[in-house]
2 protein chains.
Amino acid sequence: MESEEARPRRRQARGERRMSEILDAAAAVFAEQGYEKTTTNAVAAAAGISPGSLYQFFRSKEAVAQALADRFTVQMRAAHGEAFAPADLAAMDLDDLIDRVVDPLVAFNVANPGFKALFARPDMPPGLATAAGPIQSALLGRVEAILAVRAPGLSAPERTRSARVLVQIFQAMTPVVVAAPEDEREAEVRELKKVLRGYLAPLDG
Amino acid sequence: MESEEARPRRRQARGERRMSEILDAAAAVFAEQGYEKTTTNAVAAAAGISPGSLYQFFRSKEAVAQALADRFTVQMRAAHGEAFAPADLAAMDLDDLIDRVVDPLVAFNVANPGFKALFARPDMPPGLATAAGPIQSALLGRVEAILAVRAPGLSAPERTRSARVLVQIFQAMTPVVVAAPEDEREAEVRELKKVLRGYLAPLDG
DNA sequence: AGAGAATACGAGCAATCACTCGTATTCGCA
DNA sequence: TGCGAATACGAGTGATTGCTCGTATTCTCT
């Protein structure tokens, strides 16, 4: 056994560009049609290539989604910025803290409407869950870290549960924020923050 | 033009029973597989009948979902009970009020796991939205009525928005409650109520 | 009992879709 | 310049699936 399956084929610059174009197209079509209803031929057409060419770069429809997930993960981490210093956290006003965490996440979701079409679907295939996991984990870990500082009275399991609830609230209300017309978005975000604050305030030291 | 399309075929008792059995089967399969992945043949098999027989009673897969939605709507209204008298509402403790509204709804969702598989899917076909609408409207109206009594300071648009947020929170957290193992369900419900309470408390007179 | 309608069957049709394959073209590189 | 590899094509394939149709059985009602 020397070759195995792990020979990712040498790519040219042209190929890398094509892959990126395919992912752009996939994000757009996923966002508009949803994952299940999206046909691979439609993605290829949107990318301006033939069905066969798409499969030169991705082994399957799910592989496209997976790659898109990976790209989102990277972009998300970048958009979200670096973690806060605990000193900042402890000193910060609760409202400021919420603004600071929520605003960039909302901005990311508004800028990438395809994101939720991929990761908010109820039947996440195993491959995708693997890709979505890191995102979820990163968020949860971040929130838990914040809670550890702001609500030191919480036991570890309580902290985990509370973090899960907070993330869940955010993910539940984000679609509405994204779907809202430009001039109502701010109001929706305010509501989202109200909910988060209402849940956090009693925990906050 | 005398016949049109509106002749619903005379049913025998046997037929009504079959329809109910088919809906039972559909609810089970939808709950397990999700709507899209559910095949009509699978529903027929689960109901112990042939594919052809299913189509004696329902014109299409969507018609099955629609009928199931209608049935859920009726059951939900029944499960939820009658509206509160405003006097009760005004006097009641906020925690009691939340218990009183949330508990039956949670119970319904736990008892009917197929419910969310049908109505929580992101791509609701027009026919289904029509069926889901009344449910949503009923809930929203109910919550708005409560807010009108408990938070008289709110303007009408504010009241509408707050009601929407509350319903959204509930619907977002319900799947987790339903999916939770028996012995953790109560804790999940407590979290749900905490979130609702956190959002409501500042509004409550 | 007997007729007509309702119920039941299940093989199969037509359409859809993820994916393949044989072939043609273009690129990187010596 | 020439060669091997990467890229590109798009008609076609096999599998799936919602649904039909011809036919057989069972019910209701007189």
Side-chain angles (χ1 to χ4, degrees), chain A residues 3 5-26 29-30 32-68 118 121 123-128, chain B residues 3 5-26 29-30 32-68 118 121 123-128:
Chain A
S3 73
E5 62 192 46
R7 189 141 61 88
R9 164 115 84 153
R10 232 181 109 254
R11 300 267 174 225
Q12 308 184 334
R14 186 176 34 148
E16 301 284 355
R17 237 178 296 130
R18 272 272 182 266
M19 290 181 76
S20 184
E21 287 166 10
I22 291 168
L23 292 185
D24 291 342
V29 181
F30 284 153
E32 192 188 341
Q33 314 266 352
Y35 178 80
E36 306 289 354
K37 286 192 176 174
T38 297
T39 71
T40 55
N41 285 22
V43 172
I49 63 175
S50 75
S53 291
L54 189 151
Y55 284 89
Q56 295 272 351
F57 300 103
F58 299 99
R59 272 180 305 163
S60 67
K61 181 183 178 180
E62 192 178 318
V64 174
Q66 172 80 37
L68 190 55
L118 248 192
R121 67 208 172 85
D123 60 321
M124 221 177 264
L128 262 198
Chain B
S3 71
E5 62 193 48
R7 190 141 58 89
R9 165 111 86 152
R10 229 180 111 254
R11 300 269 174 225
Q12 307 185 333
R14 185 176 33 149
E16 301 283 355
R17 237 178 295 131
R18 271 273 182 267
M19 289 180 76
S20 185
E21 288 166 11
I22 291 168
L23 292 185
D24 291 343
V29 182
F30 284 153
E32 193 188 339
Q33 312 267 352
Y35 178 79
E36 304 290 354
K37 286 193 175 172
T38 297
T39 72
T40 56
N41 284 22
V43 171
I49 63 175
S50 74
S53 292
L54 188 151
Y55 284 90
Q56 295 270 351
F57 302 102
F58 300 99
R59 273 180 303 164
S60 66
K61 181 183 179 180
E62 191 178 320
V64 175
Q66 171 82 34
L68 190 55
L118 248 192
R121 67 209 173 84
D123 62 322
M124 220 177 267
L128 263 197

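In what follows, chains are A, B, ... by sequence order, proteins preceding strands, each numbered from 1.
- Side-chain contact between B:Val64 and B:Thr40 is absent, with no heavy-atom pair separated by less than 4.5 Å.
- Atoms CD (B:Glu16) and P (C:dA8) sit 12 Å apart, rounded to a whole Å.
- Side-chain atoms of A:Lys37 do not come within 3.5 Å of backbone N or O of A:Glu32 as any donor-acceptor pair.
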Mark up nucleotides 17-30 of chain C, 5' to 3', with B wherever a protein heavy atom is under 4.0 angstrom from a base atom, S wherever such an atom reaches only the sugar-phosphate, and - elsewhere.
SBBB------SSS-
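- Between the CD atom of B:Gln33 and the C1' atom of D:dT16 there is a distance of 14 Å, rounded to whole Å.
- Residue A:Arg17 places none of its side-chain N or O atoms closer than 4.0 Å to OP1 or OP2 of D:dT7.
- Contacts of A:Thr38 classified as side-chain contact (heavy atoms from CB on, under 4.5 Å), with partners at least two apart in sequence or in another chain: A:Val29, A:Phe30, A:Gln33, A:Val43.
- One atom, CZ of A:Arg18, and another, P of D:dC9, lie 6 Å apart when rounded to the nearest Å.
- The two residues B:Asn41 and B:Pro51 come nearest to each other via the heavy atoms OD1-CB, 3.6 Å.
- As rounded to whole Å, 18 Å separates atom C1' of D:dT20 from atom CZ of B:Phe58.
- A close approach under 4.0 Å does occur between a side-chain nitrogen or oxygen of A:Ser50 and OP1 or OP2 of D:dC9.
- Residue B:Leu54 contributes atom CG, which lies 11 Å from atom P of C:dA8 at whole-angstrom precision.
- Among residues two or more places apart in sequence or in another chain, the side-chain contact (heavy atoms from CB on, under 4.5 Å) test is passed with A:Phe57 by A:Arg11, A:Arg18, A:Met19, A:Ile22.
- Side-chain contact between A:Phe58 and A:Leu68 is absent, with no heavy-atom pair separated by less than 4.5 Å.
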